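Inspection log for the structure reproduced underneath, given as C-alpha cells.
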Amino acid sequence: MGSNVSSVHDVPSSVENKNGLVVEIESRRQWRSVFDSMKVSNKLLVIDFTAAWCGPCKAMEPRVKEIVYRFPEAVFARVDVDRLMDVAGTYRANTLPAFVFLKRGEEIDRVVGAKPDELVYKIEKHRV
C-alpha cells in the first residue's frame with residue numbers, strides 16, 4: 001500500500017480527493033459510509049474491484065495511480081473481492097479488474113479488464 005492509499009477512517013466525511021487518494025474499503029461498514037456519502041454528491045465514484053491473486057489487477061496498479069492523480073474531482077475506492085464478496089456480488093464484479101462508475105448511488109458505466117485508455121475515456125465522460 002503506497003502513500004496514495006488510505007483507509008476510509010483517514011478520509012474526511014465529504015470524501016474529498018485532493019491529492020490522488022484511493023479509499024481502501026476494508027469492511028462493509030466502511031463501504032456503507034462511503035456509499036452513503038456519495039449518494040448525496042454529484043461526484044463520480046470509481047470503484048476498483050481487485051484481488052491479491054489477480055495478475056491484470058497488479059499490472060493496472062501503476063496506471064490506476066496515475067489516473068487517480070489526473071482526476072482529483074472523482075472519488076476512487078478499492079474493494080478486494082475476497083474481503084467484501086457481497087459488495088463485489090452486488091456490482092457483478094466477476095471478471096477482474098472491474099471498475100464500476102457510480103453517481104448518486106446509481107451505476108452509470110463500467111470498465112471490465114485491464115483497459116487503462118477506456119478507463120480514462122469513461123472518467124472524462126462522466127466526471128462532470
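Please read these numbers as outputs of a predicted model, since none were measured by experiment.
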### Task
Evaluate the ring planes of Phe49 and Tyr91, with Trp represented by its six-membered ring, and classify them as parallel (under 30°), tilted (30 to 60°) or perpendicular (over 60°).
tilted
Could you grab the distance from atom [atom1] of [X] to atom [atom2] of [Y], nearest 0.5 Å is fine?
| X | Y | atom1 | atom2 | result |
| --- | --- | --- | --- | --- |
| Ile47 | Phe76 | CD1 | CZ | 12.0 Å |
| Asp80 | Glu24 | CG | CD | 7.5 Å |
| Glu118 | Phe99 | CD | CZ | 10.5 Å |
| Asn42 | Lys103 | CG | NZ | 6.5 Å |
| Glu107 | Phe101 | CD | CZ | 10.0 Å |
| Lys43 | Arg127 | NZ | CZ | 13.5 Å |

Less than 4.5 Å apart, side chain to side chain, heavy atoms only: is that true for [X] and [Y]?
| X | Y | value |
| --- | --- | --- |
| Val22 | Asp48 | no |
| Arg32 | Val87 | no |
| Met38 | Leu102 | no |
| Tyr121 | Val111 | no |
| Met60 | Thr50 | no |

### Test item: Thr90 side-chain N/O and Asp86 main-chain N/O as donor-acceptor pair under 3.5 Å
yes
### Sidechain N-carboxylate O distance under 4.0 Å for Glu124, Arg70
yes
Atom of [X], atom of [Y] and distance for their closest heavy-atom approach:
| X | Y | value |
| --- | --- | --- |
| Ser27 | Leu84 | C-CD2, 3.7 Å |
| Ile67 | Pro116 | CD1-O, 4.1 Å |
| Leu45 | Ala77 | CD1-CB, 4.1 Å |
| Asp82 | Ala51 | OD2-CB, 4.0 Å |

### Task
Say whether Val120 and Ile108 are linked into one hydrophobic cluster, either directly or through other cluster members, by side-chain heavy-atom distances under 4.5 angstrom.
yes
### Query
Are Val79 and Trp53 linked, directly or through other ILVMFWY residues, by side chains that come within less than 4.5 angstrom of each other?
yes
### Message
Counting only heavy atoms not in Arg28 (residues, nucleotides, ligands), do more than 12 fall under 6.0 Å from its CZ?
### Response
no
